[in-house]
Amino acid sequence: MAKSKTKTRFACTACGYSTPKWMGRCPECGEWNTLEEELIEAAGARPSLSPKSISKPVPIGQIDAHGGEVRVRTGLSELDNVLGGGLVSGSITLLGGDPGVGKSTLLLMACERFASKGLPVLYVSGEESTRQIQLRAQRLGVTSDSLLVLAHTDWEHIERTAREAKPVVMVVDSVQTVAVPHLTSIPGSVGQVREVAHRAMLFAKQTGTSVLLVGHVTKQGDIAGPKVLEHFVDTVLHFEGDGRSALRVLRTVKNRFGAAGELGLFEMVDHGMRQVPDASARLLAERVADAAGTAVTAALEGSRPMLSEVQALVGPASPGNPARTCVGVDRTRVLMLAAVLGKCGIPLHDRDLFVNAAGGVRLGEPAADLAILAAASSSLLDLAVPDDVVLIGEVGLVGEVRAVSHPQLRLKEAARHGFRRVFGPRSLAAEAPEGVHVIGVRTVRELLDQLFG
Ligand code: TYD
Ligand code: MG
């Protein structure tokens, strides 16, 4: 396409108004900074997505759900599971995460796994030179000849190269550094990111190549601005680390080919990313026995049970507003639990309270309530929760202990790691696996009596 023929316009992301010139404020809806540059192309200039076979409507029952769906596995089970059983051919995946969390490392390792099966793989980097990539590759032991590396930032060149090289898997690291030449906006702007990702998607669907886009998370926590890519890619993965530990969590935020909410665990070591197949063992490894202020819960991440330690520290009464510091647990939930404890004779209203999910995990589920509550009361009373106890259960505002989802998965995980007693809602008793004694409690008061009474 000749550059001179290509025209762009600026469209308002809030109301759709378009204008040939950029303006700071949309004259239609009055919003500021919503005009984004986009390409105007003649009808037919843009390649169409639909092959002939899907241009007619078909009865839903006659569609072969798995027809044409080919998956390639990396052999890194922590990654394959998060992808829903491997990477689907022709799919487009966005891997988001903070700079430095290990996205390039993880994907280079995945590329090596594909390439060592003899699959042609293209790793495109707009951030690092081939020399830098090679240095990283040396560190990771990545040597496959089927892995091609390209350091470039012009999407059109990248696409041409890819059409020649015909890779089965292509990584674009990162979508914010690659640009389409016709747009005048800088790489990383919303217009560029959207255009590059759109073209990458067309390329993936037309050629059957699985494309993985790396996206840096901006300060607001969104991938490349206002989550512009998440709705049209097939799969969105987030790679997270808390900066405190080497533990890295890979999460499925969205997946058109599998369940969302799945989780993979890795550890950053000096020769790359190591899988952590037994999350519970890893999270409990540093636990101190018989210490007051800790309790273990069986959390569920996607379909994966994980035993995690909740730590609490109740400080002495201090003047002014008491501190409420929460790491890895929901603050609002902790405030509510502190209020419930107050009703049960464990006053926290004038004391500092620190709650921490150990190991850098996030306990977002209400099923962790009982453990948070036990850890806080244990700290205040200076009495340890016995070593062989796991606590599972949601706590309501009147102090009632409520049922949790997938109790069996959680109880089995507790049994597998040698825990012999589980405190939880009464309904849990019916599910107890061999070797585990379930102590059903109806209320928080009952729990406190049983644990510390
Ligand atoms: P990187 O994969 O470059 O992060 P991202 O692509 O998400 O920005 O990883 C960067 C960090 O990882 C860097 O600080 C060094 C560290 N690292 C290791 O600890 N071990 C390794 O084997 C590698 C390659 C990097
Ligand atoms: Mg990187």
Side-chain angles (χ1 to χ4, degrees), residues 74-76 78-79 82-83 87 92-116 121-144 147-153 155 158 169-179 187-188 192-193 196-197 200 211-225 227 229-230 233 235-253 263-276 282 359-360 362:
T74 56
L76 293 166
E78 296 294 304
L79 176 60
V82 164
L83 287 168
L87 200 54
I92 180 151
T93 303
L94 178 67
L95 174 66
D98 286 324
V101 72
K103 301 179 294 299
S104 306
T105 306
L106 179 69
L107 289 185
L108 200 58
M109 288 177 66
C111 285
E112 164 73 5
R113 296 293 188 117
F114 291 128
S116 64
V121 177
L122 179 63
Y123 179 92
V124 180
S125 180
E127 304 194 336
E128 293 169 306
S129 65
T130 45
R131 175 81 193 118
Q132 282 171 311
I133 301 166
Q134 209 257 336
L135 281 175
R136 186 199 298 270
Q138 263 179 7
R139 201 165 157 188
L140 304 176
V142 170
T143 51
S144 274
L147 173 56
L148 300 177
V149 172
L150 173 71
H152 217 278
T153 54
W155 172 259
I158 294 167
V169 177
M170 175 162 97
V171 169
V172 179
D173 187 1
S174 66
V175 67
Q176 281 120 324
T177 50
V178 172
Q192 281 285 13
V193 165
V196 168
V211 176
L212 289 146
L213 301 175
V214 172
H216 290 296
V217 172
T218 57
K219 279 195 209 82
Q220 294 81 34
D222 291 343
I223 293 176
K227 292 195 172 239
L229 306 182
E230 294 203 355
V233 297
T235 306
V236 179
L237 307 179
H238 276 195
F239 204 30
E240 301 161 5
D242 70 343
R244 291 180 294 161
S245 72
L247 204 66
R248 300 284 184 271
V249 180
L250 185 66
R251 276 176 215 280
T252 324
V253 175
L263 175 133
L265 277 180
F266 295 88
E267 199 166 8
M268 191 68 144
V269 290
D270 57 4
H271 54 277
M273 214 55 87
R274 189 166 62 200
Q275 301 199 77
V276 182
R282 170 68 175 73
R362 253 192 345 214

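When a ligand or atom number is given, it counts from 1 through the structure's own listing order.
- Within the 4.0 angstrom cut-off, atom 13 (C) of ligand 1 has no protein heavy-atom neighbours.
- Taking atom 6 (O) of ligand 1 as the reference point, the nearest protein heavy-atom neighbour is S104 OG, 2.6 Å.
- Ligand 1 lies less than 4.0 angstrom from a heavy atom belonging to G272.
- Once rounded to the nearest 0.5 Å, the distance linking CG of L135 with OG of S129 reads 8.0 Å.
- Listed by chain and number, the protein N, O or S atoms at a distance under 2.8 Å from the Mg ion (ligand 2) are S104 OG.
- A 4.5 Å side-chain heavy-atom check between E78 and L76 finds every atom pair outside the cut-off.
- At a distance under 4.0 Å, a protein heavy atom can be found next to atom 16 (C) of ligand 1.
- When non-hydrogen atoms are compared, ligand 1 lies under 4.0 Å from the backbone of V269 (N, CA, C, O) but not from its side chain.
- For a threshold of 3.5 Å applied to N or O pairs, the pair formed by H216 and ligand 1 contains no separation below that value.
- Note that CE of M109 and CD of Q275 are 7.5 Å apart. Values are rounded to the nearest 0.5 Å.
- Under 4.0 angstrom from ligand 1, the non-hydrogen atoms of D98 all belong to its backbone.
- When the heavy-atom distances from atom 3 (O) of ligand 1 to K103, R136, E127 are ranked, the shortest goes to R136.
- Distance check on atom 1 (P) of ligand 1: some protein heavy atom falls below the 4.0 Å cut-off.
- For atom 8 (O) of ligand 1, the nearest non-hydrogen atom of the protein is G100 N, 2.7 Å.
- Counting heavy atoms closer than 4.0 Å to ligand 1, residue M273 contributes nothing at all.
- Closest heavy-atom contact between T252 and V82: OG1-O, 2.9 Å.
- Summary of contacts: the protein heavy atom closest to atom 19 (O) of ligand 1 is M268 CG, 3.4 Å.
- Atoms of ligand 1 found under 4.0 Å from any heavy atom of H271, numbered from 1 in the order shown, are 22 (O).
- Looking at H216 and V175, their side chains never come closer than 4.5 Å, going by heavy atoms from C-beta outward.
- Between V196 and L213, every side-chain heavy-atom pair lies at or beyond the 4.5 Å cut-off.
- Side-chain contact check for Q176 versus V193: some heavy-atom pair is nearer than 4.5 Å.
- The CG atom of D173 sits 7.5 Å away from atom NZ of K103, with the distance rounded to the nearest 0.5 Å.
- Of all protein heavy atoms, the one lying nearest to atom 23 (C) of ligand 1 is R139 CZ, 3.7 Å.
- Note that CD of E127 is 11.0 Å distant from OG1 of T153, once rounded to the nearest 0.5 Å.
- Ligand-side atoms of ligand 1 in range of P99: 8 (O), range being under 4.0 angstrom from any heavy atom.
- A197 and L229 make their closest contact through CB-CD2, 3.3 Å (heavy atoms, listed as atom of the first residue, atom of the second, distance).
- Annotation for ligand 1: atoms under 4.0 Å from non-hydrogen atoms of D270 are 20 (N), 21 (C), 22 (O).
- Summarising the geometry of S104 relative to Y123, their closest heavy-atom pair is CB-OH, 3.7 Å, with the distance given to 0.1 Å.
- By the 3.5 Å distance cut-off applied to N or O atoms, G102 is counted among the residues near ligand 1.
- Residue L148 holds its CG atom at 12.0 Å from CE of M170, rounded to the nearest 0.5 Å.
- Counting heavy atoms from C-beta outward, M268 and T105 have side chains that approach closer than 4.5 Å.
- Note: L247 CG to R274 CZ = 11.0 Å, rounded to the nearest 0.5 Å.
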